[in-house]
Amino acid sequence: MLLLYFFLTCFPIIFLFKLKKSLPPWATEVKLLSLWFGKDVSFSSVTKLIKTSSSLCYFTSKMPLKKMSLTSKVDNFEEEVVEEGAAMSILDLPELVLESILERLPPASLCSMAGVCSSLRSRCITDHFWEKHMINKWGRIIGPVAYREWQWLIALRKDSSHLKQWRPKGLMRIFSIVRPSWWIKPKVDDCSKQSSLPRESIMSWFLALETGRFCFPAQVYNRENGHVGFMLSCYDAELCYDQRTDTFQARYPPHGRRAVAIENNVPWERLRAPPVDTSPHDLHNSDCLNELRPGDHIEIQWRRNKEFPYGWWYGVVGHLASCDGNENYCRCHNSDTVVLEFNQYALGSRWRHTTIDRKEHREEGNEGDGFYGGIRKLGSVEEISTWKRLWPAEILE
């Protein structure tokens, strides 16, 4: 009886195969559907599929072809795929979902994801994802000067003939970025054979900073491990990142005949981006002199002699000797003379205070006491708190 039942149920399909040329397009889909389920299925599954095929053939013969739909077959197929536990590719996700996932990946994971295939690579290397990582990690110590230097290096790399003749000096160094092989592990997929990253991309710049291939200009508080002669100062330097120690190497420009000073293991909290776009050898144009009042926090350029570069030194605006400091009667802000105090030094020290002319101030000083240059008024609470955090444990002589 079972054999007879099997023959009767299979007869419609056998009949359809013989009339293949006259069948509508959906009949071929039924055949393919049966082949998709032909792997590792039980006898009961085959019987069920045969019954379904027979019923489908009978049902479709009773209705116009235009109204026939394969929606039910597709739904059944998707249910079977889920039941079989088939994995879904990440590229099958909706675009917004995929973008949301990539936005939440840390740099190392985003870089690894770029090595999976060309489709993910084209997404993962876009500036949209890397701009956030650049700001979060490097934004506080990367300023306009470092950005211009990076752009200049890109321009030089584009001109290969110029590049061969050029030799880096000082803050400028040429480096080559092939691809992020330091993060991406080899893949079996051919997609791992990626071309070089776009030179102008933020990802390329991020990886150059992260690997230490790009040394950039920034400023260091209390240089040379807090040498007593540099307490509460901030000097320009060329910085290179060391990802093994999460610190920096700082190379300070020479002071006169003094050789270049190198300091290792400089932590993040002692670094900042240059607050003004002024070379350490140029006088800063002071635009705050008329608004300075006693109690204001300031930074002022100072150098030991004319051959040295400027450093920025922290101080506060004080009262004139003729003023008792009473706020109700103080008229110091109306005077052309401005008193600057450096309270990290002991009373009586020649470094304790100095005066400048509010209207005619340029560079003032001498070979004995050094030269005072441009002034910045500090209006940021963060800047002031950083200086106070670096305050020396003992008063300096």
Please report the interatomic distance CG(Asp127) to CE(Met134), rounded to the nearest 0.5 Å. 9.5 Å

Just jot down the side-chain hydrogen bond (donor to acceptor under 3.5 Å, both in side chains) partners of Arg123, sequence neighbours excluded, or say none. Glu95, Ser119

Does Trp150 reach the side chain of Phe216, with side-chain heavy atoms less than 4.5 Å apart? no

Residue pairs fulfilling side chain to side chain donor-acceptor pair (under 3.5 Å) with at least one residue in residues 344-356, sequence neighbours excluded: Asn343-Arg352, Arg350-Asp369

Would you tell me whether Arg104 and Ser100 have side-chain atoms, one donor and one acceptor, within less than 3.5 Å of each other? yes

Donor-acceptor contact below 3.5 Å, side chain Arg251 vs main chain Ile262: no

Is it the case that one hydrophobic cluster holds both Tyr314 and Met231, taking links as side-chain heavy atoms less than 4.5 Å apart, direct or via other members? no

Trp391: partners by ring-ring contact (aromatic ring centres under 6.0 Å, His included), with sequence neighbours left out: none

Under 3.5 Å: donor-acceptor pair, side chain of Asn222, backbone of Leu232: yes

The side-chain hydrogen bond (donor to acceptor under 3.5 Å, both in side chains) partners of Lys132 (sequence neighbours excluded) come to none

For Asp242, salt bridge (Lys or Arg N to Asp or Glu O under 4.0 Å) partners two or more places apart: Arg244

Using the test ring-ring contact (aromatic ring centres under 6.0 Å, His included), find all partners of His361 that sit at least two apart in sequence or belong to another chain. none

Fellow cluster residues of Tyr329, listed by chain then number, with links counted only when side-chain atoms sit under 4.5 Å apart: none

Is a side-chain N or O of His133 found less than 3.5 angstrom from the main chain of Met203, in a donor-acceptor match? no

Is a side-chain donor or acceptor of Ser112 paired with a backbone partner of Ala108 at a separation under 3.5 angstrom? yes

Under 3.5 Å, sequence neighbours excluded: what are the donor-acceptor pairs made by side chains of residues 373-386?
residue: Arg376; atom: NH1; partner: Glu299; partner atom: OE1; Å: 2.9
residue: Arg376; atom: NH1; partner: Glu299; partner atom: OE2; Å: 3.4
residue: Arg376; atom: NH2; partner: Glu383; partner atom: OE2; Å: 3.1
residue: Ser380; atom: OG; partner: Glu382; partner atom: N; Å: 3.2
residue: Ser380; atom: OG; partner: Glu383; partner atom: N; Å: 3.4
residue: Ser385; atom: OG; partner: Val381; partner atom: O; Å: 3.1
residue: Ser385; atom: OG; partner: Glu382; partner atom: O; Å: 2.9
residue: Thr386; atom: OG1; partner: Glu382; partner atom: O; Å: 2.8

Using atom types as modelled, flag every donor-acceptor pair under 3.5 Å from a side chain in residues 139-148 to any protein atom, sequence neighbours excluded.
residue: Arg140; atom: NH1; partner: Leu271; partner atom: O; Å: 2.7
residue: Arg140; atom: NH2; partner: Trp268; partner atom: O; Å: 2.6
residue: Tyr147; atom: OH; partner: Gln151; partner atom: NE2; Å: 3.3
residue: Arg148; atom: NH1; partner: Asp277; partner atom: OD2; Å: 2.9
residue: Arg148; atom: NH2; partner: Asp277; partner atom: OD1; Å: 3.0
residue: Arg148; atom: NH2; partner: Asp277; partner atom: OD2; Å: 3.3

Side chain Gln219, main chain Arg272, donor-acceptor under 3.5 Å: no

Apply salt bridge (Lys or Arg N to Asp or Glu O under 4.0 Å) to residues Arg389 and Glu269 and explain how you reach the verdict. CA-CA 10 Å; Arg389 176 174 51 82; Glu269 55 267 22; 5.9 Å; no

Run the salt bridge (Lys or Arg N to Asp or Glu O under 4.0 Å) test against Glu103 and tell me which residues pass, sequence neighbours left out. none

Would you call the rings of Trp138 and Phe248 parallel, tilted or perpendicular, where under 30° means parallel and over 60° means perpendicular? perpendicular

Tyr252 vs Pro309 side-chain heavy atoms within contact, under 4.5 Å: no

Arg303 to Tyr310, cation-pi by 6.0 Å centre distance and 45° axis angle: yes

Is there a side-chain contact between Phe206 and Pro107 (heavy atoms, below 4.5 Å)? yes

Short side-chain donor-acceptor distance under 3.5 Å, Tyr241 and Asp246: yes

Sequence neighbours excluded, the answer for ring-ring contact (aromatic ring centres under 6.0 Å, His included) partners of Phe230 is His227, Tyr235

Side-chain donor-acceptor pairs of residues 318-328 under 3.5 Å, sequence neighbours excluded:
residue: Asp324; atom: OD1; partner: Asn326; partner atom: N; Å: 3.0
residue: Asn326; atom: OD1; partner: Asn328; partner atom: N; Å: 2.8

Return the minimal non-hydrogen interatomic distance between Arg358 and Ser335, and the atom names on each side. NE-O, 2.8 Å

Can we call the ring centroids of Trp313 and Phe342 under 6.0 Å apart? no

